[in-house]
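Step one of this worksheet: look at the structure below.
Order of the sequence lines fixes the chain letters, A, B, ..., with proteins taken first and strands second; residue numbering starts at 1 for each chain.
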Protein chains: 2
Amino acid sequence: MPHERMRADAQRNRRAILAATEELLATHRPEQVSMEAVAVAAGVGKGTVFHRFGSRMGLMVELMRERAQSLGDAVETGPPPLGPGAPPGERLLAFVDAVVGLVARNKGLLAALGHAATTTTVGHDDSHDAHPIYRAWHAHVAALIRAERPDLPADVVAHVLLAGLQSDPVLQLLSAGEGAQVASALRVLVVGLLEH
Amino acid sequence: MPHERMRADAQRNRRAILAATEELLATHRPEQVSMEAVAVAAGVGKGTVFHRFGSRMGLMVELMRERAQSLGDAVETGPPPLGPGAPPGERLLAFVDAVVGLVARNKGLLAALGHAATTTTVGHDDSHDAHPIYRAWHAHVAALIRAERPDLPADVVAHVLLAGLQSDPVLQLLSAGEGAQVASALRVLVVGLLEH
DNA sequence: TCGACAAGTGGACCGCCAGTCCAGTACGTT
DNA sequence: AACGTACTGGACTGGCGGTCCACTTGTCGA
């Protein structure tokens, strides 16, 4: 599991594959970034990609995890208002801004995750478990909402707020550089939520 | 274009295909409802399905259009609060309720639309134009928001609000019969929006 | 009533993709 | 140096959306 215990060539290929995926995602539409294309761009065989990441979903999640790492750290141990210490309302606003920024900076990746989620073979019965990053974000947002508005079904409200990050039209706004508008729209909704 | 001018057998097959799609969507996961499966279930050839609807997306949009017809009528010419006459705020709340109800009643269809959108070959350059039904809903919501809050970027806020209808986690809540919670969560957001 | 022609039909076919398989390769350990 | 194992690559599979075209069948004017 920890990358440090992997064979040197495996580590090298892991990095090459992640870098190639990033590169392709930055220059092509997500559904054009096939696993084979990634393998070719990384200079490895298709089997290697699947051996390492298991599936398209696994590859995308891993890439997303790297991108979301610093935000996760900031939320858990960083300084307020993102980190612990500030009142929940402020933390929520800060988180929304941060998350929109993160998604905007990685336009194609969220779309690719969504694409992978609907494309990936659904052989197993546990069907739809969202990717771990979404789960973490949702848990955080729901907890903050619950702290300010215990009267609301925080889980559901959190899902609705985060839905924008998976919606095609919003993703397109972000690609078009309208990240600031999306963030401010979300802020308006959150503020309205907090002010009873 | 008008279905009445079609040959009798073509009309019959059109209905059979739509009915079969509905049936399959109600009993299987959307990504398992392949065009071939639809053709078989309808008792026609694959070519007929494509001749009539052009693509997977076209089929799903057509089905959605039928389902959304009565809502569209109610909004344009029906009685308040859904139809014209009531203040924008009330119309917006009524519309949100109605739309959540509609989506809940057609669980699989929205997911299938989303799936079609990401799956469908993207040969042409006009890339992402959302399906007409989403466009209509968005225009309506944006207009109502603009009427109550001219200071906000109504388009963007409308996209964020409607995003829930395309988000997998929310769609799952709806499938689980939690439609009422989703509707109330959206109401809370809208109310917060309207109360400055 | 009938014949002709456009509209409708069906299913073989194409290219593409996620994911599998396994024979071969090369790293790290002793 | 020699060995076992984890890693590697690419041919292969199954299934998809969509195309093609020879064939059939409603429709409508004469």
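To the nearest angstrom, P of C/dC14 lies 21 Å from CE of B/M35. Nucleotide C/dG15 holds its C1' atom 16 Å from the CD atom of A/E31, rounded to whole Å. In this structure, B/R56 atom CZ and D/dG18 atom P are separated by 8 Å, rounded to whole Å. As rounded to whole Å, 14 Å separates atom P of D/dA6 from atom CE of A/M6. Atom-to-atom, CZ of B/R52 to P of C/dG10 comes out at 12 Å; the value is rounded to the nearest Å. In this structure, CG of A/L59 is placed 15 Å from P of C/dC17, rounded to the nearest angstrom. The nearest whole Å value for the distance from the NE2 atom in B/H115 to the P atom in D/dC16 is 10 Å. When rounded to the nearest whole Å, the span between CD of A/Q32 and P of C/dG15 equals 18 Å.
Annotation: side-chain contact (heavy atoms from CB on, under 4.5 Å) contacts of B/A94 (sequence neighbours excluded): B/P81, B/L82. In this structure A/P80 satisfies the side-chain contact (heavy atoms from CB on, under 4.5 Å) test together with A/A86, sequence neighbours excluded. For A/R105, the side-chain contact (heavy atoms from CB on, under 4.5 Å) partners are A/L102, not counting sequence neighbours. In this structure, the side-chain contact (heavy atoms from CB on, under 4.5 Å) partners of A/S34, at least two apart in sequence or on a different chain, are A/E36, A/A37.
Between B/E66 and B/R14 a salt bridge is recorded (basic side-chain N to carboxylate O distance below 4.0 Å).
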Report all side-chain donor-acceptor pairs from residues 178-186 of chain B shorter than 3.5 Å, counting only partners two or more places apart or in another chain.
{"from": "B/E178", "atom 1": "OE1", "to": "B/Q181", "atom 2": "NE2", "distance (Å)": "3.2"}
{"from": "B/S184", "atom 1": "OG", "to": "B/Q181", "atom 2": "O", "distance (Å)": "3.2"}

Side chains of residues 158-165 of chain A: which donor-acceptor partners sit under 3.5 Å, not counting sequence neighbours?
{"from": "A/H159", "atom 1": "ND1", "to": "A/Y134", "atom 2": "OH", "distance (Å)": "2.8"}
{"from": "A/H159", "atom 1": "NE2", "to": "A/H138", "atom 2": "NE2", "distance (Å)": "3.3"}

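If you find the closest nucleotide of DNA chain C to A/E36 and to B/T48, the one lying nearer the 5' end belongs to B/T48. Nearest-nucleotide positions on DNA chain D place B/V33 closer to the 5' end than the other of B/V33 and B/A8.
Between atom CE of residue B/M60 and atom OG1 of residue B/T21 there is a gap of 6.0 Å, rounded to the nearest 0.5 Å.
Of all the residues in residues 9-28 of chain A, A/D9, A/A10, A/N13 reach under 4.0 Å from DNA chain D with at least one non-hydrogen atom.
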Extract from the structure each pairing of a protein N or O with an N or O of nucleotides 22-24 of chain C at less than 3.5 Å, listing the distance.
none

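A close approach under 4.0 Å does not occur between any side-chain nitrogen or oxygen of A/R7 and OP1 or OP2 of C/dA26. Between A/H51 and D/dC7 there is a side-chain N or O to OP1 or OP2 distance below 4.0 Å.
Between C/dC17, C/dG19, D/dT19, one nucleotide has an atom nearer to the side chain of B/F50 than all others, and that is D/dT19.
Sorted by first then second residue, the ring-ring contact (aromatic ring centres under 6.0 Å, His included) pairs that include residues 55-74 of chain A, not counting sequence neighbours, number zero. Residue pairs meeting the side-chain hydrogen bond (donor to acceptor under 3.5 Å, both in side chains) criterion with at least one member in residues 38-52 of chain A: none, sequence neighbours excluded. For residues 79-104 of chain A, the side-chain hydrogen bond (donor to acceptor under 3.5 Å, both in side chains) pairs, not counting sequence neighbours, are A/D97-A/R187.
With contacts defined as side-chain heavy-atom distances shorter than 4.5 Å, the pair A/I145/A/V190 does not qualify.
Rounded to 10°, the angle separating the first-five-pair axis and the last-five-pair axis of the helix from C/dT1-D/dA30 to C/dT30-D/dA1 equals 10°.
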